[in-house]
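Count residues from 1 along the sequence. Everything numeric in this text was worked out from a predicted model, so none of it was measured.
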Amino acid sequence: MASSHTVLMRLVASAYSVAQKAGVIVRHIIAEGDLGIVEKTSSIDLQTKADRLVQMSICSSLARKFPKLTIIGEEDLPSEEVDQELIEDGQWEEILRQPCPSQYSAIKEEDLVVWVDPLDGTKEYTEGLLDNVTVLIGIAYEGKAIAGIINQPYYNYQNNEKQKLREHRNEAKAGPEAVLGRTIWGVLGLGAFGFQLKEAPAGKHIITTTRSHSNKLVTDCISAMSPDDVLRVGGAGNKIIQLIEGKASAYIFASPGCKKWDTCAPEVILHAVGGKLTDIHGNALRYNKEVKHMNSAGVLATLRNYDYYASRVPESVKNALVP
């Protein structure tokens, strides 16, 4: 019986299924070939048909099941009747078998705020950099991010394409394709699941940062870290995955631009495995429904050695970024 489970775990289990459905929608739109691109505020601030349909799917699916939730999505969409095909009413049973951390067992539906980025890495999506793309559903309680779901619609995309190429050349027998897409989820006090935790190489300072929103503040801050390598990729969700899978040591974005729906879900996954995400000043981000959406003092995140990076942020950068 659903009633025997806590509100939080029922919500996470539903959000997992909803995020998987979102991944299917994202892949379907690429396959159809018409992305329906609209410029929002500039040529690098884009919205596609996938952004619109996925947000409608996530928000409507969760609101039907949890009508007292506050749900805040990135896209400003007109209210309209949602096609039944976009509704996902399933829930991931494996999550319901997990114990709810005791500090969250009495949470009521109306106490929760859900932050939704239907397509994190939209610009990369339009350019075919599909492994940068994620779908983000973050859950906050009393202003703190406590549960998160990240769907990567094109996880294994490269392996999938290589296998198809080999089969085309008859270099390998046709077999099951590499599974495309995955869903990562986590709850503070319980853990994070759906990936293999790996640390970046010891002694290496590998920075992951913005691909399309760089400026002097961003480059000054990164230079101060004396990095061994700098990775410029799309999507906040994608960058946090780089941290937890050992591809990068720190995610540094010393600029406004990132929003609460970009960081809520990824922050949970990182914190659940012992990492840390703050603004450039070291302040925790807040996710209550009244908060401003912009992370105006940037983002600093690491899986390990947070203090090394935080201590090297130049004062000139801190002075330029007001929380």
Side-chain angles (χ1 to χ4, degrees), residues 8-9 11-20 22-23 58 74 92 94-95 98-101 103-104 112-121 131-141 143-156 181-200 208-209 231 233-253 258-279 284-287 295 299-306 309:
L8 179 63
M9 296 311 283
L11 176 56
V12 173
S14 293
Y16 185 102
S17 291
V18 167
Q20 289 203 305
I58 293 172
E74 175 178 7
W92 199 247
E94 194 176 310
I95 292 174
Q98 299 279 352
C100 181
Q103 65 268 37
Y104 305 136
L112 294 168
V113 181
V114 178
W115 294 87
V116 176
D117 189 339
L119 195 69
D120 184 39
D131 37 9
N132 286 213
V133 172
T134 59
V135 176
L136 305 175
I137 305 175
I139 300 166
Y141 171 63
K144 184 178 180 183
I146 64 164
I149 297 90
I150 302 177
N151 178 273
Q152 251 187 314
Y154 288 96
Y155 173 71
N156 246 339
R182 66 170 167 179
T183 303
I184 292 169
W185 69 280
V187 177
L188 292 192
L190 181 62
F193 310 90
F195 65 98
Q196 192 67 48
L197 183 66
K198 186 180 177 187
E199 295 188 19
T208 183
T209 192
L231 312 176
V233 301
N238 182 36
K239 294 180 187 73
I240 295 300
I241 290 171
Q242 289 187 317
L243 296 183
I244 61 176
E245 294 194 324
K247 295 184 178 73
S249 336
Y251 164 25
I252 295 172
F253 183 55
C258 204
K259 309 282 200 322
K260 295 294 185 296
W261 43 73
D262 293 310
T263 51
C264 188
E267 174 182 318
V268 174
I269 305 301
L270 186 62
H271 285 180
V273 293
K276 188 169 182 177
L277 184 149
T278 66
D279 70 12
L285 302 183
R286 304 292 297 168
Y287 295 97
N295 291 323
V299 176
L300 171 59
T302 69
L303 177 61
R304 303 286 180 258
N305 304 320
Y306 173 88
Y309 297 96

Can you label the angle between the W115 ring and the W261 ring as parallel, tilted or perpendicular, going by 30° and 60°?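 Taking W261 first and then W115, their aromatic rings sit tilted (interplane angle of 30° to 60°).
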Picking from L277, I240, T278, T209, what satisfies side-chain contact (heavy atoms from CB on, under 4.5 Å) with V299?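 Testing each of L277, I240, T278, T209 against V299, the sole residue satisfying side-chain contact (heavy atoms from CB on, under 4.5 Å) is L277.
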Run through I244, T263, T302 and flag the one making a side-chain contact (heavy atoms from CB on, under 4.5 Å) with L270.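 Among I244, T263, T302, the one meeting side-chain contact (heavy atoms from CB on, under 4.5 Å) with L270 is I244.
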Show, in sequence, the C-alpha distance, side-chain angles and deciding distance for N295 and K260, and conclude whether the side-chain hydrogen bond (donor to acceptor under 3.5 Å, both in side chains) test is met. CA-CA 6 Å; N295 291 323; K260 295 294 185 296; 2.9 Å; yes
Could you tell me if the side chain of [Y] sits less than 4.5 Å from the side chain of [X], heavy atoms only?
X	Y	result
K259	E74	no
V133	N238	no
L300	D279	no
V116	L136	no
D117	T134	no
I137	V18	yes
P266	V268	no
W185	I95	yes

With sequence neighbours excluded, what pairs up with Y154 under the ring-ring contact (aromatic ring centres under 6.0 Å, His included) test?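 ring-ring contact (aromatic ring centres under 6.0 Å, His included) check on Y154 returns Y157.
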Counting only heavy atoms not in Q103, do more than 12 sit closer than 6.0 Å to its CD atom?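 Check passes, neighbour count above 12.
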Give the C-alpha distance, both sets of side-chain angles, the deciding distance and a yes or no for side-chain contact (heavy atoms from CB on, under 4.5 Å) between S14 and W92. CA-CA 6 Å; S14 293; W92 199 247; over 6 Å; no
For [X] against [Y], the heavy-atom pair lying closest together:
X	Y	result
A147	L8	CB-CD1, 4.2 Å
M9	P99	CE-O, 4.2 Å
L243	A301	CD1-O, 3.6 Å

Partners of T208 by side-chain hydrogen bond (donor to acceptor under 3.5 Å, both in side chains), sequence neighbours excluded?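 Here the qualifying residues are Q242.
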State which residues pass side-chain hydrogen bond (donor to acceptor under 3.5 Å, both in side chains) with Y141; sequence neighbours excluded, sorted by chain then number.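 For Y141, no residue satisfies side-chain hydrogen bond (donor to acceptor under 3.5 Å, both in side chains) once neighbours in sequence are set aside.
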Between I150 and T183, is the side-chain contact (heavy atoms from CB on, under 4.5 Å) condition met? List the steps. CA-CA 6 Å; I150 302 177; T183 303; over 6 Å; no
Among all residues two or more places apart in sequence or in another chain, which pass the salt bridge (Lys or Arg N to Asp or Glu O under 4.0 Å) test with E245?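 If we apply the salt bridge (Lys or Arg N to Asp or Glu O under 4.0 Å) test to E245, skipping adjacent residues, the hits are R182, K247.
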Provide the full list of salt bridge (Lys or Arg N to Asp or Glu O under 4.0 Å) pairs with a residue in residues 261-277, sequence neighbours left out, each pair given once.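 Passing the test, one end in residues 261-277: no pairs.
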Spacing of OH belonging to Y155 relative to CG belonging to D131, to within rounding of 0.5 Å: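 Reported value, rounded in 0.5 Å steps: 11.5 Å.
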Starting at CD1 of I269, measure out to CD1 of I149 and round the result to the nearest 0.5 Å.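 The CD1 atom of I149 is 7.5 Å from CD1 of I269, to the nearest 0.5 Å.
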Can you tell me if D120 uses its side chain to pair, donor with acceptor, with the backbone of G237 under 3.5 Å?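 Yes, D120 side chain to G237 backbone: donor-acceptor pair under 3.5 Å.
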Could you pull out all donor-acceptor pairs under 3.5 Å where a side-chain atom in residues 187-199 meets a protein atom, sequence neighbours excluded?
from	atom 1	to	atom 2	distance (Å)
E199	OE2	R304	NE	3.0

